[in-house]
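Here's the structure we're looking at; comments come further down.
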Amino acid sequence: MQGIGMPESVHTLSPEPVPSDSEVSFASKLISWQKRYGRHDLPWQQTRDPYAVWVSEIMLQQTQVAAVIGYYQRFMQSFPTIASLAMATQDDVMQHWSGLGYYSRARNLHKAAQQVMEVHGGVFPQTLEAIQALPGIGRSTASAIASFAFEAPHPILDGNVKRVFARHFAIEGWPGLPRVEQQMWALAERLQPAQEHGPYAQALMDMGATLCTRSRPRCDACPLQTTCLAYREGRTRELPASKPRKAIPEKSTTMLILLHDNQVMLEKRPGSGIWGGLWSLPEVDSTLDAQQAAVERYGFQTQKLPPFGTLTHVFSHFKLHILPQPLAVEAALTANQTPDIQWLTLEAAVQAGIPAPVRVLLEQLRWQQTALL
DNA sequence: TACGCGTGGAT
DNA sequence: TATCCAAGCGT
């Protein structure tokens with residue numbers, strides 16, 4: 001297949017349904033390699049339970065394996081079945097996701113479990129269309145679940161696969177570009193083997209994660225070395241093309257640490273947006289007076305406590321400078337109990353579903369108080 | 001179509 | 001330290 005990788009490669013113009021000989025060996029080489037050198041002992045590989053596969057695939061979206069393992073084990077311990085997840089409170093689910101990031105994944109997973117109970121009678125659906133119809137499951141994740149749980153012949157296209165394709169077939173352009181992605185989906189369909197769909201999907205992921213890594217790929221150990229165009233042309237360093245980046249903006253916010261009776265006040269954030277559904281510290285515009293804001297918003301008379309240093313948290317799309325302002329609540333002028341406010345001891349607060357930087361602040365505070373005793 | 005959405009590891 | 005980006009999806 002000579003056209004692959006050229007800017008106007010043939011399969012974008014006239015897709016060939018029949019793979020060439022070299023494309024057939026692509027899959028079989030990968031599968032053979034996977035059986036011998038791939039990963040087989042990850043916690044979610046000990047089962048074909050579609051629910052377990054599903055949870056793992058959602059956690060692994062944009063998240064590295066090492067970060068997921070502990071979360072996966074605790075999550076499955078607490079929510080071993082679709083029914084148990086569907087019946088859980090959102091707070092309980094978010095608590096298990098706290099620190100893992102991309103919290104819409106947790107909200108969607110929870111919602112989808114309830115959908116499976118209502119729409120599918122508690123049985124995880126088996127067709128690609130029905131799987132992909134669940135919130136939080138796109139084409140690649142649906143295919144991965146179908147491949148691992150049901151041995152179904154659907155191609156995956158995640159970051160690993162894109163990297164392997166971009167290098168092996170010398171595909172130009174950033175893989176996030178719709179044109180490039182469309183080209184890769186067509187390629188993925190042609191390369192899909194006739195059998196061993198689970199091992200093939202795992203092989204692509206293992207290749208991308210352990211050999212065909214972003215930097216310093218281990219081409220010496222690669223089963224595709226003899227056919228890899230990037231290797232042949234010495235272009236593994238420049239492929240795949242990287243995403244064009246813009247400078248990210250910086251923002252500042254003041255977080256109120258309202259303390260009373262050895263407890264701290266947490267406020268539930270709106271369901272969407274940054275840290276949606278998590279419990280967090282109240283935020284005040286940094287140009288405003290924190291104590292005045294505490295009175296106006298909550299009816300609290302407060303005494304300033306010694307502040308501690310600014311905490312900078314970097315997101316993918318902006319940088320946030322957090323100015324913590326500890327305040328001792330002396331008196332509540334008005335009742336302010338709502339479902340979106342709770343008072344917790346520091347020990348309980350760090351166990352709640354809170355964003356990572358808030359955890360850092362509360363841990364610092366707890367350490368300070370311990371040191372004073 | 002481009003952007004919003006977290007956190008941590010690697011270089 | 002700054003930057004990239006990792007088993008993507010929803011809007």
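In what follows, every chain begins at residue 1, and chains take the letters A, B, ... in the order their sequences are listed. Note that this is a predicted model, so its numbers are computed, not measured.
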Using the P atom as the point on both nucleotides, what is the distance between B/dC3 and C/dC4, in whole Å?
15 Å
Can you tell me how far P in C/dT11 sits from the matching atom in B/dG6, rounded to whole Å?
14 Å
Atom [atom1] of [X] and atom [atom2] of [N]: how far apart are they, to the nearest Å?
X: A/K243; N: B/dG4; atom1: NZ; atom2: C1'; value: 11 Å
X: A/R163; N: C/dC4; atom1: CZ; atom2: P; value: 16 Å
X: A/R107; N: C/dC9; atom1: CZ; atom2: P; value: 16 Å
X: A/L134; N: C/dG10; atom1: CG; atom2: C1'; value: 14 Å
X: A/M94; N: B/dG6; atom1: CE; atom2: C1'; value: 11 Å

With a non-hydrogen cut-off below 4.0 angstrom, is A/V161 in contact with a base, only sugar-phosphate, or nothing?
nothing
Could you list all N or O pairs between the protein and nucleotides 7-11 of chain B that sit under 3.5 Å apart?
from: B/dT7; atom 1: OP1; to: A/Y103; atom 2: OH; distance (Å): 2.7
from: B/dT7; atom 1: OP1; to: A/A356; atom 2: N; distance (Å): 2.8
from: B/dT7; atom 1: OP2; to: A/W275; atom 2: NE1; distance (Å): 3.2
from: B/dT7; atom 1: OP2; to: A/H313; atom 2: NE2; distance (Å): 3.0
from: B/dT7; atom 1: O3'; to: A/G99; atom 2: O; distance (Å): 3.4

Starting at the 5' end of DNA chain C, which residue's closest nucleotide do you reach first, A/P135 or A/L42?
A/L42
If you draw a 6.0 Å radius around OH in A/Y71, do more than 12 non-hydrogen atoms from other residues or ligands fall strictly inside?
yes
Identify all side-chain donor-acceptor contacts of residues 196-206 of chain A below 3.5 Å with residues at least two apart in sequence or on another chain.
from: A/E196; atom 1: OE1; to: A/K35; atom 2: NZ; distance (Å): 2.8
from: A/H197; atom 1: ND1; to: A/Q192; atom 2: NE2; distance (Å): 3.1
from: A/H197; atom 1: NE2; to: A/A194; atom 2: O; distance (Å): 3.4
from: A/Q202; atom 1: OE1; to: A/Q45; atom 2: NE2; distance (Å): 3.3
from: A/Q202; atom 1: NE2; to: A/D206; atom 2: OD1; distance (Å): 2.9
from: A/D206; atom 1: OD1; to: A/R39; atom 2: NE; distance (Å): 2.8
from: A/D206; atom 1: OD1; to: A/R39; atom 2: NH2; distance (Å): 2.9
from: A/D206; atom 1: OD2; to: A/Q34; atom 2: NE2; distance (Å): 2.9
from: A/D206; atom 1: OD2; to: A/R39; atom 2: N; distance (Å): 2.8

Only counting residues at least two apart or in another chain, list the ones meeting side-chain contact (heavy atoms from CB on, under 4.5 Å) with [X].
X: A/A52; answer: A/T47, A/D49, A/Y72, A/M76
X: A/A241; answer: none
X: A/T141; answer: A/E57, A/I58, A/Q61, A/I137, A/I145

Suppose the criterion is side-chain hydrogen bond (donor to acceptor under 3.5 Å, both in side chains): which pairs have a residue in residues 75-87 of chain A, not counting sequence neighbours?
A/S78-A/H96, A/T81-A/S84
